[in-house]
**Student:** 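There's a structure below that I have some questions on.
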Amino acid sequence: MSSVVRDGVEIFYEASGEGPAILLSHGYGATSQMWAGQLELLSRNHRLIVWDMRGHGRTDSPEDPSCYSEAETVEDMAAILDAEGAERAIIGGLSLGGYMSLAFNVAYPERTQALMLFDTGPGYNNPKAREGWNTGMAIPRAEALERDGLAALGGSEEVRVSTHRSAAGLARAARGMLAQFDNRIIQSLSSIDKPTLVLVGENDEPFLAGTDYMANKIPGSTKAVIANAGHAANIDNPADFNDAVSSFLSSLPQG
């Protein structure tokens, strides 16, 4: 177990293996525990780093709402790579973690060797669509956690395998990190010049269109659809998920 501290906030992470760095970010309401089925495989030839976002798992849950944002999340990711001595990394994540991976590439393109985007979307160009996401998803999630505590997380696969300490922290993360505020990330897609894997479970209906959009917009991207899998494709069908990721990693330039 390792951690870094930024402005008094302790960020939990774990690293294993040797080789080029991979930084994996989990989805909202999940933790680094969701990557258990990938740890052995991906640490064979890489320095695999998994971590818990603010408000999640073993990472702190500060009371100040301003501590929860896309920008703070990206800086946490950079701080973890600094702590590991990794100038560059393959940046990947599922759902919210995939969106934050795109945000990291916008902020630190020179530190992004490649991107792996799992069951995620790039946000919205349309302000009304962003408002719909916020009022229909992010804010109701926060309100449910504030009202009902951790029981409000439900029982999805990635949530079921994760352990949290603070419903209040998760609520603040929903308001500051899950919510959408601009179209910077979706606008960045056509300028991505890194090898990119865009992967989705075949039954993850809310993210199928977003996957197609990203695969079409990101030059030279690789698309993978995982059979018999929903939103947590790495948990629902780990064998096919791992094969797709391994194939992508083996295609990357060495050195």
**Student:** Determine whether a donor-acceptor pair (N or O, by modelled atom type, separation under 3.5 Å) exists between the side chain of S246 and the backbone of D243.
**Tutor:** no
**Student:** Measure the OG1-CE distance between T59 and M53 for me, rounded to the nearest 0.5 Å.
**Tutor:** 10.0 Å
**Student:** Under a 3.5 Å distance rule, please check whether R111 uses its side chain to pair with a backbone N or O of E87 as donor and acceptor.
**Tutor:** yes
**Student:** How long is the straight-line distance from CG of L115 back to CG of D193, given to the nearest 0.5 Å?
**Tutor:** 9.5 Å
**Student:** On a heavy-atom basis, which atom in V245 and which in M116 lie closest, and how many Å separate them?
**Tutor:** CG1-SD, 3.9 Å
**Student:** Carefully, step by step, assess R58 and S32 under the rule side chain to side chain contact (heavy atoms under 4.5 Å, CB included).
**Tutor:** CA-CA 9 Å; R58 286 167 278 188; S32 55; 4.1 Å; yes
**Student:** Any side-chain heavy atom of F181 sitting closer than 4.5 Å to one from S69?
**Tutor:** no
**Student:** Side-chain heavy atoms nearer than 4.5 Å, only ILVMFWY residues, links allowed to pass through others: does that put I139 and L170 together?
**Tutor:** no
**Student:** Short question: side chain of R47, backbone of G17 - any donor-acceptor pair under 3.5 Å?
**Tutor:** yes
**Student:** Hey, what do you get for CG (N105) to OG (S191), rounding to the nearest 0.5 Å?
**Tutor:** 7.5 Å
**Student:** Answer yes or no: is there a side-chain heavy-atom contact under 4.5 Å between I22 and L249?
**Tutor:** yes
**Student:** Check S101 against G93 and note the closest heavy-atom contact, atom names and distance.
**Tutor:** OG-N, 3.5 Å
**Student:** Hey, does Y13 have a side-chain heavy atom less than 4.5 Å from the side chain of L23?
**Tutor:** no
**Student:** Between Q180 and N134, do the side chains contain a donor N or O and an acceptor N or O under 3.5 Å apart?
**Tutor:** no
**Student:** Between the main-chain N or O of P62 and the side-chain N or O of R172, is there a donor-acceptor pair closer than 3.5 Å?
**Tutor:** yes
**Student:** Out of L150, T31, L153, which residue meets the side-chain contact (heavy atoms from CB on, under 4.5 Å) rule with V159?
**Tutor:** L153
**Student:** Distance check, rounded to the nearest 0.5 Å: M137 atom CE versus L178 atom CG?
**Tutor:** 7.5 Å
**Student:** So I186 and N126, side chain to side chain contact (heavy atoms under 4.5 Å, CB included) or not? Walk me through it.
**Tutor:** CA-CA 10 Å; I186 193 170; N126 189 315; over 6 Å; no
**Student:** Using a 4.5 Å cut-off on heavy atoms from C-beta on, say whether the side chain of N237 contacts that of N203.
**Tutor:** no
**Student:** Give a yes or no on whether E143 atom CD has more than 12 heavy-atom contacts from other residues, nucleotides or ligands under 6.0 Å away.
**Tutor:** yes
**Student:** Determine which pairs satisfy ring-ring contact (aromatic ring centres under 6.0 Å, His included) with at least one residue from residues 67-107, sequence neighbours left out, and list them in order.
**Tutor:** F104-Y108
**Student:** Does any N or O in the side chain of N45 come within less than 3.5 Å of the main-chain N or O of S250, such that one atom is a donor and the other an acceptor?
**Tutor:** no
**Student:** Do the non-hydrogen side-chain atoms of D240 and N228 ever get within less than 4.5 Å of each other?
**Tutor:** no
**Student:** Check residues 217-227 and write down every donor-acceptor pair under 3.5 Å in which the side-chain atom is one partner and the other belongs to a residue at least two apart or another chain.
**Tutor:**
from	atom 1	to	atom 2	distance (Å)
S221	OG	A215	O	2.9
S221	OG	I218	O	3.3
K223	NZ	D212	OD1	2.3

**Student:** Any donor and acceptor pair, going by atom type alone, linking the side chain of Q33 with main-chain N or O of T163 inside 3.5 Å?
**Tutor:** yes
**Student:** Per the ring-ring contact (aromatic ring centres under 6.0 Å, His included) rule, what does the pair list look like for residues 134-168, sequence neighbours excluded?
**Tutor:** H56-H164
**Student:** So which atom in G210 and which in P122 form the shortest heavy-atom distance, rounded to 0.1 Å?
**Tutor:** O-CD, 4.5 Å
**Student:** Check whether V5 and F12 end up in the same hydrophobic cluster, where Ile, Leu, Val, Met, Phe, Trp and Tyr are linked by side-chain heavy atoms less than 4.5 Å apart.
**Tutor:** no
**Student:** Group every Ile, Leu, Val, Met, Phe, Trp and Tyr by side-chain heavy-atom contacts under 4.5 Å, then state whether L189 and V74 land in the same group.
**Tutor:** yes
**Student:** List the atom of D236, the atom of G230, and the distance in Å for their closest heavy-atom pair.
**Tutor:** OD2-N, 2.7 Å
**Student:** Would you say that R88 contacts E110 through its side chain, given a criterion of any heavy-atom pair below 4.5 Å between the two side chains?
**Tutor:** no
**Student:** Got a salt bridge between R6 and E75, using NZ or NE/NH1/NH2 to carboxylate O under 4.0 Å?
**Tutor:** no
**Student:** Heavy atoms, side chains only, cut-off 4.5 Å: are D60 and R165 in contact?
**Tutor:** yes
**Student:** From W35 CH2 over to L42 CG, what is the distance, rounded to the nearest 0.5 angstrom?
**Tutor:** 9.0 Å
**Student:** So which atom in D182 and which in R130 form the shortest heavy-atom distance, rounded to 0.1 Å?
**Tutor:** O-CD, 3.5 Å
**Student:** Are M100 and V200 connected into the same hydrophobic cluster when the rule is that any two of I, L, V, M, F, W, Y join if their side-chain heavy atoms are below 4.5 Å apart?
**Tutor:** no
**Student:** Given side chain to side chain contact (heavy atoms under 4.5 Å, CB included), test V50 with Q38 step by step and report yes or no.
**Tutor:** CA-CA 10 Å; V50 298; Q38 285 68 54; over 6 Å; no
**Student:** Given side chain to side chain contact (heavy atoms under 4.5 Å, CB included), test D76 with W51 step by step and report yes or no.
**Tutor:** CA-CA 10 Å; D76 289 343; W51 71 294; 3.9 Å; yes
**Student:** Rounded to the nearest 0.5 Å, what separates atom CD in E14 from atom CG in L24?
**Tutor:** 12.5 Å
**Student:** Could you tell me whether E157 and R160 make a salt bridge, using a distance below 4.0 angstrom between a side-chain N and a carboxylate O?
**Tutor:** yes
**Student:** Please answer: with hydrophobic residues joined when any side-chain heavy atoms are less than 4.5 Å apart, are L81 and V9 in the same cluster?
**Tutor:** yes
**Student:** Judged by modelled atom types alone, do S95 and D119 share a side-chain donor-acceptor pair under 3.5 Å?
**Tutor:** no
**Student:** Taking the side chain as every heavy atom from C-beta outward, state whether S156 and H231 have any pair of such atoms under 4.5 Å apart.
**Tutor:** no
**Student:** Work out which heavy atom in L252 is nearest to a heavy atom in P195; give both atom names and the distance.
**Tutor:** CD2-CB, 3.5 Å
**Student:** On the 0 to 90° scale, with breaks at 30° and 60°, tag the F118-F241 ring pair as parallel, tilted or perpendicular.
**Tutor:** perpendicular
**Student:** Hey, does the side chain of S247 reach the backbone of A244 with a donor-acceptor pair shorter than 3.5 angstrom?
**Tutor:** no
